[in-house]
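Report on the structure given below.
Residue numbers start at 1 and run along the sequence shown.
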Amino acid sequence: MGFIGSGSIGRTLARLAVGAGHQVVLSNSRGPETLVDTAEELGSRASAATSQEAAAAGDIVVVTVPVSAFPRVPAAPLAGKTVIDTCNYGPERDGHIPELDSKSLTSSELLLRHLPDALLVKAFNNIFFKHLLSLARPAGAADRSYLPIAGDSAPAKAAVTEFIDSIGYSVVDAGTLADSWRQATGTPVWGTPYGPYSNEKGRPVGEDAIRAALATATR
């Protein structure tokens, strides 16, 4: 697993991935030397690298950066690879992006413009990082939670579903990248189903609740 961006969601996913037996290569915009402590904390399955190196190393690569940083994500090493997009658009942080403000594109479709040869899957953008860590459950657990994913490539979705299953979650297919607005910031499936931020343990959410939340989203 390669990670481009190592903020709260990136570090949490890396921890879950290491726990599930995956190798992880972490990167951020400030350089690998700033991630040495994080890699050491995660153990022998984790290492720090440049964004180019992390992109090249991963069979699946997680892009978890501000939307304004999309142009700096290395495109060439991601060609043909399954890429997980965890990103959410926030004009107060990213500045105003006309295509997103007008809703002519989803943020994932905008990322695909920068990574035209990647196989992009939207995932993990709708859950608080502390809930992501605390709600992971083994396969077959009665209180296993579901996460929505969206993408245009069936093989990429299958690969991401397998990864998500390995770290303790089940999946609801939320459609194509054009449909991924249904899990964007402020929609019914974003954050709320898993409980308030003040409850760091969160609450498990089943398949029916996620499907209902997706269905009631309006644009």
Side-chain angles (χ1 to χ4, degrees), residues 1-14 16-17 22 24-29 51-52 54-91 93-94 97 99-100 103-129 132 146-164 167 169 171-187 189-191 210 214 217:
M1 299 290 301
F3 286 81
I4 298 174
S6 297
S8 297
I9 284 286
R11 290 195 306 273
T12 301
L13 277 176
L16 290 170
H22 300 282
V24 303
V25 182
L26 304 168
S27 73
N28 63 17
S29 60
S51 295
Q52 289 273 353
D59 296 318
I60 297 175
V61 178
V62 179
V63 173
T64 179
V65 300
V67 170
S68 58
F70 283 177
R72 298 192 292 279
V73 176
L78 295 177
K81 290 197 175 187
T82 296
V83 173
I84 298 175
D85 164 25
T86 79
C87 309
N88 286 312
Y89 172 51
R93 177 196 62 195
D94 297 311
I97 299 172
E99 299 95 326
L100 301 186
K103 300 179 176 148
S104 62
L105 288 179
T106 64
S107 60
S108 289
E109 290 175 306
L110 183 66
L111 179 57
L112 192 62
R113 284 189 174 182
H114 296 287
L115 309 175
D117 298 315
L119 305 173
L120 207 62
V121 178
K122 189 77 166 190
F124 302 113
N125 71 302
N126 74 308
I127 187 168
F128 182 43
F129 74 97
L132 179 62
Y146 281 71
L147 295 168
I149 68 170
D152 299 337
S153 164
K157 278 182 171 177
V160 172
T161 297
E162 184 178 350
F163 169 68
I164 291 174
I167 65 168
Y169 288 86
V171 162
V172 170
D173 189 330
T176 65
L177 293 181
D179 298 319
S180 63
W181 63 268
R182 291 187 175 275
Q183 64 197 75
T185 305
T187 59
V189 84
W190 185 78
I210 294 299
L214 290 165

Practice item. Kindly indicate, with the supporting measurements, whether the criterion side chain to side chain contact (heavy atoms under 4.5 Å, CB included) is fulfilled by Val73 and Ser51. Key: CA-CA 8 Å; Val73 176; Ser51 295; over 6 Å; no
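- The closest side-chain heavy-atom distance from Pro77 to Gln52 is below 4.5 Å.
- Rounded to the nearest 0.5 angstrom, Tyr146 OH and Ile210 CD1 are separated by 10.5 Å.
- Here Leu13 contributes atom CG and Ile84 contributes atom CD1; the two are 7.0 Å apart, rounded to the nearest 0.5 Å.
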Point to revise | Pair Phe70-Leu115, side chain to side chain contact (heavy atoms under 4.5 Å, CB included): steps then yes or no | key: CA-CA 9 Å; Phe70 283 177; Leu115 309 175; over 6 Å; no
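- A pairwise comparison of heavy atoms in Leu119 and Ala156 identifies CB-CB, 3.7 Å as the closest pair.
- Considering all non-hydrogen atoms of both residues, Asn88 and Asp94 come closest at O-OD2, 3.9 Å.
- Once rounded to the nearest 0.5 Å, the distance linking CG of Asp179 with CG of Leu214 reads 9.5 Å.
- Contact of the Asn126 side chain with the Pro148 side chain is registered, since non-hydrogen atoms from C-beta on lie closer than 4.5 Å.
- Contact between Thr64 and Gly5 at its shortest, heavy atoms only, is CG2-O, 3.1 Å.
- Counting all heavy atoms, side chain and backbone alike, Pro71 lies closest to Val67 at CD-O, 4.4 Å.
- Remark: Glu99 CD is packed, more than 12 non-hydrogen atoms of other residues, nucleotides or ligands lying under 6.0 Å away.
- At a threshold of 4.5 Å between non-hydrogen side-chain atoms, the residues Leu100 and Ser107 count as touching.
- Here CZ of Arg113 is found 13.5 Å from CG of Leu120. Values are rounded to the nearest 0.5 Å.
- A donor-acceptor pair under 3.5 Å links the side-chain atoms of Lys122 to the main chain of Cys87, judged by distance alone.
- The shortest heavy-atom contact between Ser6 and Asn28 is N-CB, 4.4 Å.
- At least one side-chain heavy atom of Asn125 sits less than 4.5 Å from a side-chain heavy atom of Gln183.
- Side-chain atoms of Ser27 come within 3.5 Å of backbone N or O of Phe3 as a donor-acceptor pair.
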Exercise for review: Please assess Phe124 against Leu147 for the test side chain to side chain contact (heavy atoms under 4.5 Å, CB included), listing each intermediate value before the final yes or no.
Suggested key: CA-CA 7 Å; Phe124 302 113; Leu147 295 168; 3.7 Å; yes
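- The shortest non-hydrogen separation linking Leu177 to Ser108 is CD2-CB, 3.8 Å.
- A distance of 7.5 Å separates NZ of Lys157 from CG of Asp152, quoted to the nearest 0.5 Å.
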Practice item. Please assess Val189 against Arg182 for the test side chain to side chain contact (heavy atoms under 4.5 Å, CB included), listing each intermediate value before the final yes or no. Key: CA-CA 8 Å; Val189 84; Arg182 291 187 175 275; over 6 Å; no
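- Residues Ile60 and Val121 are not in side-chain contact: their nearest non-hydrogen atoms beyond the backbone lie 4.5 Å or more apart.
- Here the OG1-CG distance, from Thr106 to Leu111, works out to 9.5 Å after rounding to the nearest 0.5 Å.
- At distances below 3.5 Å, not a single donor-acceptor pair connects side-chain atoms of Tyr89 with backbone N or O atoms of Ala184.
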